[in-house]
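Only one structure is covered here, and it is reproduced in the block below.
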Amino acid sequence: MEDNSLGRHSSVPSSGKLDDAPKPPQAPSLISLKKSLLSDPSELRSLSNLAVARSLNGDPVSARSCIRRAICVSPGTARSHRVLSKILAGRGDTDGALKAAIREICLDPGSSTGLEIAGVLHKDAGALHTANRVLQRAVVSDPSVFSALNNRYHVLKALGEFDQAAQCLKLLLEISPEDPELTSSVIFRLDHLLSWSIAEGQDFRRKHWARHEAALQKDAAMVAGYAAPLKKSTSHKLRIGYVSADFREHSAFSVFGPVILSHDRNQFEVFVYSNSSLRDEKTEEVIKFVDIFRDISTMSDADAACQIKADRVDILIDLSSHSAGNRLPVFSLRPAEIQITAWGYAQGTGLSSMDYFIMDEIHAPPESAKYFSETLIYLPSAVPFTMPDNLPDVSDPPILMNKAATFGSFNRGIKITKTALRLWTEVLRASENTRLLLKCSSSESPAWRHVVESHLLEGGIDPARLTFLGRTNKWDHLDAYRLVDIALDTSPHSGGVTTWEALSMGVPVVSYLDDVLAQRVGPSILNVAGLPELIADGPGDFVRAASNLSQNVTALRHYRQTLRHRVKNCDAAVFPEYTRFVEEAYRRVHHLSASGGRTKEPIYVR
């Protein structure tokens, strides 16, 4: 899964939603501004506004000229230096922009905007510690400024200060508690940052989504009356609806796509509701297979719910949970009698309107069922996988040439936390002469590499034992596993598709069980792949297991030779057989509904 980068374009502070790029203000009329200047050429605000207008209209040279004129007229006006800073930042002149921002702060020490601009510029220059100090001053100056908190979150995350980053996210929810998109974004990120227990994570979801459900009551009543209730019958052809923004080339589609495309069309009608206008070959494949494909990306939640209700869908499946592009508010409006969350981001929703959650017994053990708002449906695996047709050949383990093992992780940078680095440091200490290779887009950031190297150096590991690789195309990404003997799982959020890919390339993945739901994805995959020996009982056992395996050349050669075949033939990767389990689960819950209700006890489908 992609990472919804908060404030992706954070060079210009914004106060919008976490996942939205800042929206430029409407440009003032150039004619009206010029008239104002003609009547009073020294009018500072008009000069400043004209500079902003010209900048937004794609004329940064004239914009800079205007604002410099304003500064000449009144060099002590802080706002003019702020505007100059933004214009210079937009042109890529970081040094000039920073000088202008600092000048504004000198003129107006309490300016949260000036402090924020300076903080962002320090961040963009890689001076993360300085950026954090400046952004902290901005937040203290005005705790209600959304964008300052957002930018400080990014800096703290890059520094590996995940507990403080999580606190920033929680403060953002306090500023804008009524925004369901923000709530989902915060939940998604907290899952990656915090080692919270299953109970804590689900309670947080319930607590914060409840206010959205209350706000949607009026729309929910309207949707309930929009169409006649569905006829309760277990004999008719079931109508199944799937909702996601990822019906395209995407890691999430590699998990749920094969489920949809393997449905028995004699038993099921398949409706797809796409929350994205993006299309590619995968999208076209879905369109050709299903009965109905609808783009709901421009529909309001109420209109989308009414459309689903009008389609008389029996069972509606959420494929996103709190990840990017979800339409959980639609599910809160209850457009279908039976609603299920599954696969795309298997961490639970907290919605009282979500009836079921497809899981497996390793990912969410039966004793944890009481913490979920949904009833659990146990399948052989909660994370299915289809091996791509064209994969690079499996190579010999590199230990044969290097004479020492190479550990690796190809997970996203946000998953490489202090917890993970601390464990990996212990593994390297326990495994003499071994190396660690990290491949992710974050590796392209000098600041991020410095943070990782610093953590390992504090643990006594020479940074020379580290190798960083950045982004490549998919083929080269998978082929890079020829450089790795053993993959180390991340924590507190373990790998999903990344784990499947490593196994498919003959690379064993060492993981461990914990009471953190996101941490149990890796063990769930290893279990269904028939690799229980790679699941450690805890952090200490994880270090021992990884270290011992690094010295077992015979085992590493055996894994290289057998893992691809083992993955290809496990219960989670054989289609359409896996979909038959899914269809049986759909029949079971539909029968329960027709019989008068929903069970709270987990449902087992073998």
Side-chain angles (χ1 to χ4, degrees), residues 1 191-192 194-198 201 251 255 345-347 359-365 368 380-385 405-412 414-428 430-431 434 436-440 481 484-550 552 555-556 559-560 562-563 566-567 570-573:
M1 293 180 284
D191 282 340
H192 289 76
L194 298 179
S195 298
W196 52 12
S197 67
I198 295 175
S251 58
V255 174
Y345 183 64
Q347 300 298 324
M359 291 297 281
D360 62 62
E361 293 174 78
I362 299 296
H363 195 165
S368 71
S381 172
V383 189
F385 177 74
T406 300
F407 297 104
S409 170
F410 287 19
N411 282 290
R412 289 176 292 130
I414 193 173
K415 292 188 176 184
I416 300 176
T417 63
K418 278 185 175 180
T419 303
L421 289 172
R422 183 170 59 250
L423 284 176
W424 296 353
T425 298
E426 292 181 28
V427 170
L428 292 171
S431 313
T434 55
L436 176 62
L437 185 153
L438 303 179
K439 187 178 187 303
C440 59
Y481 276 110
V484 177
D485 292 290
I486 303 163
L488 299 177
D489 207 355
T490 46
S491 53
H493 201 297
S494 65
V497 173
T498 304
T499 297
W500 279 121
E501 290 176 345
L503 297 176
S504 299
M505 293 305 300
V507 177
V509 181
V510 180
S511 188
Y512 71 93
L513 282 170
D514 203 346
D515 185 36
V516 179
L517 188 64
Q519 177 62 52
R520 302 178 71 91
V521 179
S524 166
I525 291 170
L526 294 171
N527 178 68
V528 75
L531 299 165
E533 72 276 12
L534 296 176
I535 306 172
D537 289 333
D541 192 37
F542 172 88
V543 173
R544 285 189 293 273
S547 177
N548 290 342
L549 184 56
S550 73
N552 192 337
L556 293 175
Y559 282 130
R560 218 67 172 201
T562 63
L563 280 181
R566 192 177 297 192
V567 167
C570 75
D571 284 344

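Note that the coordinates shown come from a computational prediction; the quantities given were computed from them, not determined experimentally.
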**Asked** Once you round to the nearest 0.5 Å, how far does CD1 of Ile535 lie from CG of Asp541?
**Response** 11.0 Å

**Message:** Less than 4.5 Å apart, side chain to side chain, heavy atoms only: is that true for Ser381 and Asp571?
**Reply:** no

**Fill in**
Note: Gly408 and Val484 closest approach over all heavy atoms is N-CG1, 3.8 Å

**Asked** Are the side chains of Trp424 and Ser409 in touch, meaning some heavy atoms are under 4.5 Å apart?
**Response** yes

**Item:** Contact summary for Phe407 and Ser550, nearest pair of heavy atoms
**Value:** CZ-CB, 3.6 Å

**Prompt:** Within a strict 4.5 Å, meaning less than it, do heavy atoms of the Trp500 and Ser251 side chains meet?
**Reply:** no

**Message:** Less than 4.5 Å apart, side chain to side chain, heavy atoms only: is that true for Leu549 and Leu556?
**Reply:** yes

**Side chain Asp489, main chain Gly495, donor-acceptor under 3.5 Å** = yes

**Asked** Looking only at heavy atoms, which two atoms of Ala529 and Cys570 are closest? And how far apart?
**Response** CA-CB, 4.1 Å

**Fill in**
So OG of Ser547 and CZ of Arg544: to nearest 0.5 Å the spacing works out to 10.5 Å

**Message:** In the structure I gave you, are the side-chain heavy atoms of Leu503 and Leu526 within less than 4.5 Å of one another anywhere?
**Reply:** yes

**Request:** Find the distance between CG (Asn527) and OG (Ser511) and round it off to the nearest 0.5 Å.
**Result:** 11.5 Å

**Prompt:** Which of these passes side chain to side chain contact (heavy atoms under 4.5 Å, CB included) with Ile525: Leu534, Thr499, Val567, Leu531?
**Reply:** Thr499

**Prompt:** Rounded to the nearest 0.5 Å, how far apart are OG1 of Thr406 and CG of Asp485?
**Reply:** 5.0 Å

**Set of salt bridge (charged side-chain N to carboxylate O under 4.0 Å, His left out) partners for Glu426, sequence neighbours left out** = none

**Asked** Which is it for Asp360 and Val528 under the side chain to side chain contact (heavy atoms under 4.5 Å, CB included) test, yes or no, and what are the steps along the way?
**Response** CA-CA 9 Å; Asp360 62 62; Val528 75; over 6 Å; no

**Request:** Decide yes or no for Arg560 and Val507: does some side-chain heavy atom of the first lie under 4.5 Å from some side-chain heavy atom of the second?
**Result:** yes

**Donor-acceptor contact present, side-chain Lys415 to main-chain His192, <3.5 Å** = no

**Message:** For the CG atom of Leu436 and the CG atom of Leu421, what is their distance to the nearest 0.5 Å?
**Reply:** 8.5 Å

With a cut-off of 3.5 Å and sequence neighbours excluded, list every side-chain donor-acceptor pair involving residues 513-522.
residue : atom : partner : partner atom : Å
Gln519  : NE2  : Tyr512  : O            : 3.4
Arg520  : NE   : Ile362  : O            : 2.8
Arg520  : NE   : His363  : O            : 3.3
Arg520  : NH1  : Asp514  : O            : 2.7
Arg520  : NH2  : Ile362  : O            : 2.9

**Request:** Please report the closest heavy-atom contact between Thr490 and Ala420, naming both atoms and the distance.
**Result:** CA-CB, 4.4 Å

**Complete:** For Gly506 and Pro508 the tightest heavy-atom approach is O-CD, 3.6 Å

**Item:** Nearest atoms (heavy-atom pairs only) where Val543 meets Ala430
**Value:** CG1-CB, 4.3 Å

**Prompt:** How far does CG of Leu488 sit from OG of Ser494, to the nearest 0.5 angstrom?
**Reply:** 13.0 Å

